[in-house]
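Since we're looking at a predicted model, the values are computed, not measured. In listed order, ligands and their atoms are each counted from 1.
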Amino acid sequence: MKSNQNIEKIENILSNCRKALLVGHFNPDGDSVGSVVAFHHYLNARNIFSSIVLPSKFPDYLEFLDPVESKIMVYTEHRSEVSEALAQADVIVCLDFNNLKRTEQLEPLIRESSIPKIMIDHHPFPETGPFDVVISETEISSACELLFKILCQMPDVKGDVNNLSIECARALYAGMMTDTNNFYNSVYPSTFEMASALIGRGVDKNLIQEYVFNCYSEERMKLMGHLLKDSLFLLKGSNVAYIMLSDKDKKGYNFSSGDSEGFVNLPLSIRGIKMSALFTENISPEETNIRVSFRSKGNWDVNRFSNLYFNGGGHINASGGRLYIPFDEVPQYFEKALKEYLDEK
Ligand code: 5GP
Ligand code: MN
């Protein structure tokens, strides 16, 4: 369907809507939080009430995006409030994920709800079935860039970024900036145009960089040093490196959510390394598993690799997933999966 028809559909849904439920994905990152928060502020300006729900906690460094007037609800901590918000909503908007599976425990609630559903996302192979409107583009930096493009086409915004609130503009910039790793990857000419327009609107890019990159704890820095020295492994004869982050190290360095942000990129700065992985052991009441993160260069497809062996997915050069095996068996499992995957190719 043409994008302007989708815009008309969204406008029709919103003009008959009083309350919206905005949903991000499990293990939310900057793009996930940025896109739901930006949409919240856009709706605020139209006097449409909206609640934001995330399936799991967001990292501390994104706290600055949490709207003061309507705090983000984390489903695992606010079950009854979320159920109430869903019961009152007349539209569900899903941002930055391509399949309802990515909302984990929220999935059945959303699937069973009969109200209109909108998906706005930039991952390949979107699940379209449950949605009334799907806007999915993959040749774009982030869900926030896609949302920016959509909002600019809305009748009330009239293509003028000055018609977006500064809170909305700031969240859009933060999501795009984090998903591109500050303009390092997945950047298109349109991404710089967006950045330029948002900075022109008054977004303080340096302040956002301070929040995102320069507010870590001393312990996080020391953990990074420890991992690089003792838990970074290069696979001989291949262009792959990986980092193992154990529960013991997390405890030893007073780990808090978001502290491992960026770690997976570090091995890619070694000459010749084309693919890197970060394995994080999680032992908590909420989840006991191993979080997997992959990054790659060029046509090394980590989306497919994660899909085939790590119960996950994402993009060609950035993906994630989960494993349910003992932590000390990860290297062997990883090397076997790699061999199989590369031999198949
Ligand atoms: P990260 O490594 O930063 O957690 O995730 C990188 C990319 O992979 C993001 O686009 C994220 O949405 C996607 N991703 C991470 N974990 C999963 C997962 O468990 N399943 C799927 N389908 N995608 C994931
Ligand atoms: Mn994203």
Side-chain angles (χ1 to χ4, degrees), residues 23-39 54-59 61-62 65 94-107 119-127 135-149 171-182 184-188 191 194 212 242-243 245 257-268 275-280 282 287 289-296 300-324:
V23 185
H25 62 72
F26 188 78
N27 260 320
D29 56 4
D31 197 28
S32 178
V33 178
S35 55
V36 286
V37 168
F39 208 78
L54 297 174
S56 60
K57 264 187 72 176
F58 59 94
Y61 73 92
L62 295 172
L65 288 174
C94 295
L95 292 132
D96 194 34
F97 61 90
N98 60 355
N99 191 303
L100 286 177
K101 275 196 307 203
R102 298 277 288 132
T103 64
E104 299 277 324
Q105 295 178 25
L106 273 168
E107 179 182 355
M119 176 199 276
I120 295 173
D121 182 51
H122 70 129
H123 296 86
F125 314 117
E127 167 188 38
I135 303 191
S136 165
E137 282 186 31
T138 53
E139 299 286 298
I140 197 156
S141 66
S142 52
C144 277
E145 184 182 334
L146 182 55
L147 180 59
F148 170 77
K149 191 169 146 183
L172 290 171
Y173 189 95
M176 173 277 290
M177 187 270 257
T178 51
D179 238 29
T180 60
N181 195 11
N182 215 8
Y184 190 84
N185 40 23
S186 314
V187 167
Y188 298 81
T191 316
M194 165 190 179
V212 171
Y242 66 98
I243 293 176
L245 173 51
S257 69
D259 273 0
S260 56
E261 199 64 46
F263 286 4
V264 66
N265 293 310
L266 296 171
L268 289 179
M275 191 272 219
S276 84
L278 170 69
F279 298 101
T280 307
N282 285 321
E287 52 172 333
N289 58 33
I290 294 155
R291 273 277 311 148
V292 183
S293 253
F294 296 116
R295 296 293 184 273
S296 66
W300 213 119
D301 185 349
V302 290
N303 173 34
R304 187 149 180 274
F305 184 58
S306 183
N307 213 261
L308 286 174
Y309 300 99
F310 297 89
N311 310 297
H315 310 274
I316 282 198
N317 296 132
S319 71
R322 260 167 288 176
L323 273 181
Y324 304 89

| message | Quick one: does any side-chain atom of Ser306 pair with a main-chain N or O of Val302 as donor and acceptor, under 3.5 Å? | response | no
| request: Report the part of Lys101 in contact with ligand 1, treating N, CA, C, O as backbone and CB onward as side chain, heavy atoms under 4.0 Å; options are side chain, backbone, both, neither. | output: neither
| field | Under 2.8 Å from the Mn ion (ligand 2) - protein N/O/S, by chain and number | value | Asp31 OD2, Asp96 OD1, His122 NE2, Asp179 OD2
| Would you say Ser32's side chain and Asp29's backbone share a donor-acceptor pair under 3.5 angstrom? | no
| task | Would you confirm whether Asp121, through its side chain, and Phe97, through its main-chain N or O, come within 3.5 Å as a donor-acceptor pair? | result | yes
| task | List the closest protein heavy-atom neighbour of atom 21 (C) of ligand 1: residue, atom name, distance to the nearest 0.1 Å. | result | Gly313 N, 3.2 Å
| task | Compare all side-chain heavy atoms of Asp179 with those of Cys144 and state whether any distance is below 4.5 angstrom. | result | no
| message | Main chain of Tyr184, side chain of Asn181: is a donor-acceptor contact present, judged purely on distance under 3.5 Å? | response | no
| task | Take Ser35 and Ile120 through the test side-chain contact (heavy atoms from CB on, under 4.5 Å) and record every step on the way to the result. | result | CA-CA 9 Å; Ser35 55; Ile120 295 173; over 6 Å; no
| remark: the protein heavy atom lying closest to atom 15 (C) of ligand 1 turns out to be Gly320 CA, 3.4 Å
| field | Lys101 with Glu127: basic N within carboxylate O range, under 4.0 Å | value | no
| said: Please list, in number order, the atoms of ligand 1 under 4.0 Å from a heavy atom of Ser293. | reply: 1 (P), 2 (O), 4 (O)
| message | Looking at Val264, is its backbone amide N or carbonyl O close enough to the side chain of Ser276 to form a donor-acceptor pair, meaning the two atoms are under 3.5 Å apart? | response | yes
| field | For Gly314, the ligand 1 atoms whose distance to one of its heavy atoms is below 4.0 Å | value | 8 (O), 13 (C), 23 (N)
| field | Identity and separation of the nearest protein heavy atom to atom 9 (C) of ligand 1 | value | His123 NE2, 4.1 Å
| request: Just go through Glu261, Arg102, Arg295 and tell me whose heavy atom is the nearest to atom 18 (C) of ligand 1. | output: Arg102
| note | If you scan protein heavy atoms around atom 7 (C) of ligand 1, the nearest is Ala318 O, 3.6 Å
| request: Look at atom 4 (O) of ligand 1 and find which of Arg291, Arg322, His315 reaches it with the closest heavy atom. | output: Arg291
| remark: ring-ring contact (aromatic ring centres under 6.0 Å, His included) with Phe294: of Trp300, Tyr242, Phe305, only one passes, and it is Phe305
| task | Working to the nearest 0.5 Å, report the span between CG of Asn27 and CG of Asn282. | result | 7.5 Å
